[in-house]
There are 2 protein chains.
Amino acid sequence: MARRAPRPAGATLPAPGGPRRIPDAAVARLGTYHRVLTDALAAGSCTVSSEQLAGLAGVNASQVRKDLSYLGPTGTLGVGYDVEHLLGRIGVELGLTRHWPVVIVGAGNLGRALANYRGLAARGFVVAGLVDADPTKVGRTVGGLAVEPLEALEGLIAERRVRIGVIATPASAAQEVADRLVAAGVRAILNFAPAPVGVPPGVSVRKVDLALELQVLSYHQVRATTRTRGDGTHPRRAAAPALRPDPRGAGR
Amino acid sequence: MARRAPRPAGATLPAPGGPRRIPDAAVARLGTYHRVLTDALAAGSCTVSSEQLAGLAGVNASQVRKDLSYLGPTGTLGVGYDVEHLLGRIGVELGLTRHWPVVIVGAGNLGRALANYRGLAARGFVVAGLVDADPTKVGRTVGGLAVEPLEALEGLIAERRVRIGVIATPASAAQEVADRLVAAGVRAILNFAPAPVGVPPGVSVRKVDLALELQVLSYHQVRATTRTRGDGTHPRRAAAPALRPDPRGAGR
DNA sequence: CCCCCTTCGTGAACGCGTGCACAAGCGGGC
DNA sequence: GCCCGCTTGTGCACGCGTTCACGAAGGGGG
């Protein structure tokens, strides 16, 4: 096959009149902005500047402006951003204005914790089903929801219009569960199992691996101790996400 | 436009005898390799090629080789990597050979799930303490561990040599907890609270926000539906992490 | 009515992470 | 003993994400 794709001309330019596509990293930050803006609105703020918002979200002010620019012109030039308007704008773009039925596969520690977690419902993610392969877990009630057998997965997805699935099973079952989710119509998967899942194009997957996060921290500790400031001028920016002290903690 | 720094000779080499620093993204993948290699060893494999390992971990083969090259020469040229040797090498670098006492702050749904999670202990992360500010939760036993009052945090960290802290509290308490953790000697924090925490230099922080992950998926769904492939040639690589089918699923 | 201060939006540069292609080198077969 | 195939390790280029710096524009004070 052609060595090195000849770089199709125009690939850089997305589409002249097409709607902007927002990079994942920016989408994640927009979600953060949405949360802190909700708090700010409750606290009585009508407008915020990019600098204020940056302080609340723990990022750079330039970053805030660039992220918000993906939404089109949303701010007033000498004033800042209207909190209410901005919340609406982000909500529409991220789909937070509607309800997203979610199915959780696996009623273990993590699955149950997620089913109980209020933070999900607060952002429009309704746990429409919780299934488990273990018959002894079926029927138990978790967070006002009965655990259903794994066999009910497909019917449940179709009936309740589920578009997002959460895999909270052991690694060995992850791929099979993913296949069934996709076959049943799920288009987005959040995978907590420590195993990679392959999905066909058009399906989104995001992976969260708790042990992996701790391993990265562990590595930082090993580095910090084995070479206790032996060479480096500064300990790298391994930490300290450039967050200024900010006297008042996010309005708690 | 070659103003681009003329590449000072020797600048590429960090330090002749100095240990190489590994980017966080690579460290995370090394953790994944460690896990799949453990499985492979149990399954009887003595050596693996970068291509095999890539298939198991769900990444590119080049990526595997580049990541492993951070560890120094670890492979045999015509054969591949010795599984046992590689496991040892990664384990040392990531600090998986020792035990890391961990304290979990917040005995809510998530905190309890983490305390029960066996995947942590399997990688050397021992939950040395579980504390909560709510008096009604103190004394309850979770995963063979009694919930202790928040006041016991400092003593517990000092006594059990805790270096890693996990914040599983509401957002409003996150910064205060982080400050106390750092003051008590914790050098690495895993933050599950949906709020940014500021720490002094030298302390590592990683953040996991469950609702945020779902919001990113939600955004993908919104985009996929509002513009049902009306323009893009391909749906972007929004998903499909370049994982080839790979007939034999990771041992399942 | 004019001027200055504030603040957004964005073009450009920098650095990082990712993927490709190739040279170097080891092991097995004949 | 020699050759051939397989696999590692790495230089290189591309694209993305982040940050800086500046032009444009609106509001308030004199």
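Each chain gets a letter, A, B and so on, in the order the sequences are listed, and its residues count up from 1.
- One side chain, A:H34 or A:R123, offers a donor N or O that lies under 3.5 Å from an acceptor on the other.
- One side chain, B:R65 or B:S50, offers a donor N or O that lies under 3.5 Å from an acceptor on the other.
- The distance from atom CG of A:L68 to atom P of D:dT18 is 14 Å, rounded to the nearest whole Å.
- Between the side chain of B:K66 and the base of C:dG19, a donor-acceptor pair under 3.5 Å is found.
- One atom, CG of B:D82, and another, P of D:dT7, lie 16 Å apart when rounded to the nearest Å.
- In this structure, A:Q63 atom CD and C:dC8 atom P are separated by 15 Å, rounded to whole Å.
- OP1 or OP2 of D:dC20 has at least one side-chain nitrogen or oxygen of A:N60 nearer than 4.0 Å.
- Atom pair A:R29:CZ and D:dT18:C1' shows a separation of 8 Å (rounding to whole Å applied).
- Using five terminal pairs a side, the axes of the helix from C:dC1-D:dG30 to C:dC30-D:dG1 at its two ends make an angle of 0°, given in steps of 10 degrees.
- The salt bridge (charged side-chain N to carboxylate O under 4.0 Å, His left out) check on A:R35 picks up B:D209, with sequence neighbours excluded.
- A:Y81 has a side-chain polar atom (N or O) that falls below the 4.0 Å cut-off from OP1 or OP2 of C:dG9.
- Per the geometry, CG belonging to A:D24 stands 11 Å off P belonging to D:dT18, to the nearest Å.
- A search for side-chain contact (heavy atoms from CB on, under 4.5 Å) contacts involving A:T97 returns A:V92, not counting sequence neighbours.
- With sequence neighbours excluded, the residues forming a side-chain contact (heavy atoms from CB on, under 4.5 Å) with B:P170 are B:S172, listed by chain and number.
- Counting to the nearest Å, the P atom of C:dC8 and the CG atom of A:L71 are 14 Å from each other.
- The distance from atom CG of A:D67 to atom C1' of C:dT10 is 13 Å, rounded to the nearest whole Å.
- The shortest heavy-atom contact between A:A174 and A:A195 is CB-CB, 4.4 Å.
- A:S49 has no side-chain polar atom (N or O) that falls below the 4.0 Å cut-off from OP1 or OP2 of C:dT7.
- Nearest-nucleotide assignment on DNA chain C puts the 5′-proximal partner with A:P73, out of A:P73 and B:A25.
- Among residues two or more places apart in sequence or in another chain, the salt bridge (charged side-chain N to carboxylate O under 4.0 Å, His left out) test is passed with B:R180 by B:E154.
- Residue contacts for B:S62: at a heavy-atom cut-off of 4.0 Å it reaches a base atom on one of the strands shown.
- Partner of A:Q175 under the side-chain contact (heavy atoms from CB on, under 4.5 Å) criterion, chosen from A:I167, A:N191, A:V197: A:V197.
- Nearest heavy atoms, B:V222 versus A:E93: CG1-O, 4.0 Å.
- Regarding A:E51, its CD atom lies at a distance of 8 Å from the P atom of C:dT7, rounded to whole Å.
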> Just by protein heavy atoms under 4.0 Å, how would nucleotides 22-30 of chain D read 5' to 3' in B, S and -?
Replying inline: --BS-----

